[in-house]
Amino acid sequence: MKNFVKGKIIEVKFLGKDYLKLKIELPSKNFDCFPGQFFMLSSEEFDLTIPRPFSIFYHKERTVEFLIKRIGKFTNKIFKIKKGDFINLLGPLGNYFEEEKDIFLVAGGYGIAPIYFYLKKYNNLKNIKLFYGGKRKIDILFFPELKKILKDNLFITTEDGEIGEKGLLTGLIERYLKKEKPSKIYACGPLGMYKSLNEICKREKIKLLVSMDPIMACGYGVCLGCVIPTKKGNLCACTEGPIFESDILDWEKL
């Protein structure tokens, strides 16, 4: 169900220089959220008049949480928000990652948000493996909690090798697939990671679903800012996604 509401910031947690987590109190429990869905956030108080999409990091009853990375003007203003401030929310929007058995979860950087929500939302994690990569140690968020949830089924890479294996995440995944293949792979991260992962999954005949993150301003398919080129024509990520099966995407145009 889509809702347009004003929420109250009840927690602002800074996670290093460029990351923060917002916890927002909703006016009611009339929300049913799933991993991969998103909200459009805006605020007149901080001149955030054009809403922007943020994937749900966690949701429980009357609270919803978002993981924010400082990237541009909009997120710089969000970094100034304080506990007790109010923010507008439209959502939840989009499709989502469905609960599956024997899958690999793949996260790059702050793409951990919907993957974290998946781990918290669904109960059957026995054969779930998470491959999580970042440039540096500070880009690997919530490591202690993820390790507690997944134990030996958590695999980390960083480009500088400060934590986990040194190198690119896709290289580790490609090697691991030689000894074990999942039923599907769910991924959230940068486009370059998707392109490499798509080639690997085509070769190994594994279904890959990716969460696309284009520029978006409405959430209703009106502004056409989030158009994704696919083999079925151009589709809006807000209404047809943001989760897409990789084999329908037009990778040459992306």
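Starting from 1, each residue takes its place in the sequence as its number. Treat the numbers as computed from the prediction; the structure is a model and nothing was measured.
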Using 0.5 Å steps for rounding, measure from the [atom1] atom of [X] to the [atom2] atom of [Y].
{"X": "Y220", "Y": "L93", "atom1": "OH", "atom2": "CG", "result": "6.5 Å"}
{"X": "K166", "Y": "L172", "atom1": "NZ", "atom2": "CG", "result": "15.5 Å"}
{"X": "L130", "Y": "N153", "atom1": "CG", "atom2": "CG", "result": "9.5 Å"}
{"X": "I173", "Y": "S196", "atom1": "CD1", "atom2": "OG", "result": "9.5 Å"}
{"X": "N127", "Y": "E100", "atom1": "CG", "atom2": "CD", "result": "13.0 Å"}
{"X": "L67", "Y": "I112", "atom1": "CG", "atom2": "CD1", "result": "9.0 Å"}

Could you tell me which non-hydrogen atom of G94 sits nearest to which non-hydrogen atom of P242, and how far apart they are? CA-CD, 3.8 Å
Which heavy atom in L141 sits nearest to a heavy atom in L146, and how many Å separate them?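 Looking at all heavy atoms of both residues, the closest pair is O-CD1, 3.6 Å.
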Is it true that K148 and E145 make a salt bridge, defined as a side-chain N closer than 4.0 Å to a carboxylate O?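 Judged by the 4.0 Å cut-off on N to carboxylate O distance, K148 and E145 do not form a salt bridge.
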Taking the side chain as every heavy atom from C-beta outward, state whether [X] and [Y] have any atom pair closer than 4.5 Å.
{"X": "I156", "Y": "I140", "answer": "yes"}
{"X": "K135", "Y": "E162", "answer": "no"}
{"X": "R52", "Y": "L41", "answer": "no"}
{"X": "L177", "Y": "I200", "answer": "yes"}
{"X": "P51", "Y": "N88", "answer": "no"}

So, does [X] use its side chain to make a donor-acceptor pair with the main chain of [Y] at under 3.5 Å?
{"X": "K207", "Y": "S246", "answer": "no"}
{"X": "N198", "Y": "Y194", "answer": "no"}
{"X": "R70", "Y": "T75", "answer": "no"}
{"X": "Q37", "Y": "F34", "answer": "yes"}
{"X": "T49", "Y": "E44", "answer": "no"}
{"X": "N95", "Y": "I243", "answer": "yes"}
{"X": "E65", "Y": "K23", "answer": "no"}

Near-ring test [Y]/[X], centroid separation under 6.0 angstrom:
{"X": "F131", "Y": "F155", "answer": "yes"}
{"X": "F39", "Y": "F66", "answer": "yes"}
{"X": "F57", "Y": "F142", "answer": "yes"}

Near [X] [atom1], under 6.0 Å, is it more than 12 heavy atoms from other residues, nucleotides or ligands?
{"X": "I215", "atom1": "CD1", "answer": "no"}
{"X": "K8", "atom1": "NZ", "answer": "no"}
{"X": "K147", "atom1": "NZ", "answer": "yes"}
{"X": "K83", "atom1": "NZ", "answer": "no"}
{"X": "N124", "atom1": "CG", "answer": "yes"}
{"X": "R136", "atom1": "CZ", "answer": "no"}
{"X": "L191", "atom1": "CG", "answer": "yes"}

Just to verify, which of K178, R175, K181 counts as forming a salt bridge (charged side-chain N to carboxylate O under 4.0 Å, His left out) with E204? K181
Report yes or no: do E99 and Y118 form a side-chain donor-acceptor pair below 3.5 Å? no
Under a 3.5 Å cutoff, is there a donor and acceptor pairing between the side chains of Y19 and D139? yes
Audit row: E45, K77, salt bridge (Lys or Arg N to Asp or Glu O under 4.0 Å) steps and yes/no: CA-CA 10 Å; E45 296 180 46; K77 290 177 180 179; over 6 Å; no
Under the criterion side chain to side chain contact (heavy atoms under 4.5 Å, CB included), which of L22, D213, L89, I78 is the partner of F54?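 Among the candidates, only I78 passes.
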If hydrophobic clusters are built from ILVMFWY residues whose side chains come within less than 4.5 Å, do L154 and F104 share one? no
